[in-house]
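Beneath this line is the structure, given in structure tokens, with notes to follow.
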Amino acid sequence: PPPDAIITDVNMPTYDISHAIPHMRKHFPDVPVLVQSGSYSDPDMKEFINGLKPDIFMSPNADFAEEVNKQLAKKQAAGGAVEKQGPERF
């Protein structure tokens, strides 16, 4: 089965985020993609990442559990299945 959500950083050693997000969308179109970056405050980085259309682009200070839960709730509200519920998913 597909993952419930995909969480990634912008700076990954083995892939380019500009190719990774379209790949994720192609193979998992209904799975929320959450992108985190230490460069969150850089306006050029925000524009670049938001252009890739992740479900959310968050700073490293964001509450990951809260953001993931929000995205999974949206997925469920749209009729998507979510494997695990609550904090045990982490």
Side-chain angles (χ1 to χ4, degrees):
D4 289 336
I6 298 169
I7 302 171
T8 186
D9 194 292
V10 170
N11 296 315
M12 298 297 289
T14 59
Y15 72 83
D16 181 340
I17 195 76
S18 65
H19 298 291
I21 291 178
H23 179 81
M24 293 173 202
R25 291 286 187 219
K26 178 180 178 184
H27 294 282
F28 305 109
D30 298 325
V31 175
V33 176
L34 296 87
V35 177
Q36 182 272 331
S37 176
S39 303
Y40 180 79
S41 61
D42 178 340
D44 292 333
M45 179 62 75
K46 276 186 176 180
E47 183 177 346
F48 170 72
I49 296 300
N50 287 328
L52 295 173
K53 309 263 189 257
D55 291 284
I56 189 163
F57 178 45
M58 60 189 143
S59 79
N61 299 322
D63 182 337
F64 273 21
E66 181 181 333
E67 294 301 335
V68 170
N69 284 326
K70 283 180 191 177
Q71 292 301 316
L72 294 179
K74 283 183 188 179
K75 181 179 174 182
Q76 280 186 305
V82 174
E83 189 66 28
K84 292 183 178 180
Q85 301 294 315
E88 68 275 3
R89 106 172 29 111
F90 304 102

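- Of all heavy-atom pairs between I6 and M24, the closest is CG2-SD, 3.5 Å.
- Between the CG atom in L52 and the NE2 atom in H19 there is a gap of 10.0 Å [rounded to 0.5 Å].
- In terms of heavy atoms, M45 sits closest to F57 at CG-CZ, 4.1 Å.
- What you find for P32 and K75 is that their closest heavy atoms are CD-CD, 3.9 Å.
- Closest approach of R25 and V33 over heavy atoms only: NH1-CG2, 3.7 Å.
- Atom NE2 of H23 has 12 or fewer neighbouring heavy atoms from other residues, nucleotides or ligands inside a 6.0 Å radius.
- To the nearest 0.5 Å, atom CD of residue E66 and atom CE of residue M58 are 10.5 Å apart.
- Distance alone, capped at 3.5 Å, places no donor-acceptor pair between the D55 side chain and the L34 backbone.
- Taking CG from D30 and CG from D4, the interatomic distance works out to 12.0 Å, rounded to the nearest 0.5 Å.
- Taking each heavy atom of A5 and V31 in turn, the nearest pair found is CA-CG1, 3.6 Å.
- Taking 4.5 Å as the limit, some side-chain heavy atom of F48 sits within range of a side-chain heavy atom of I17.
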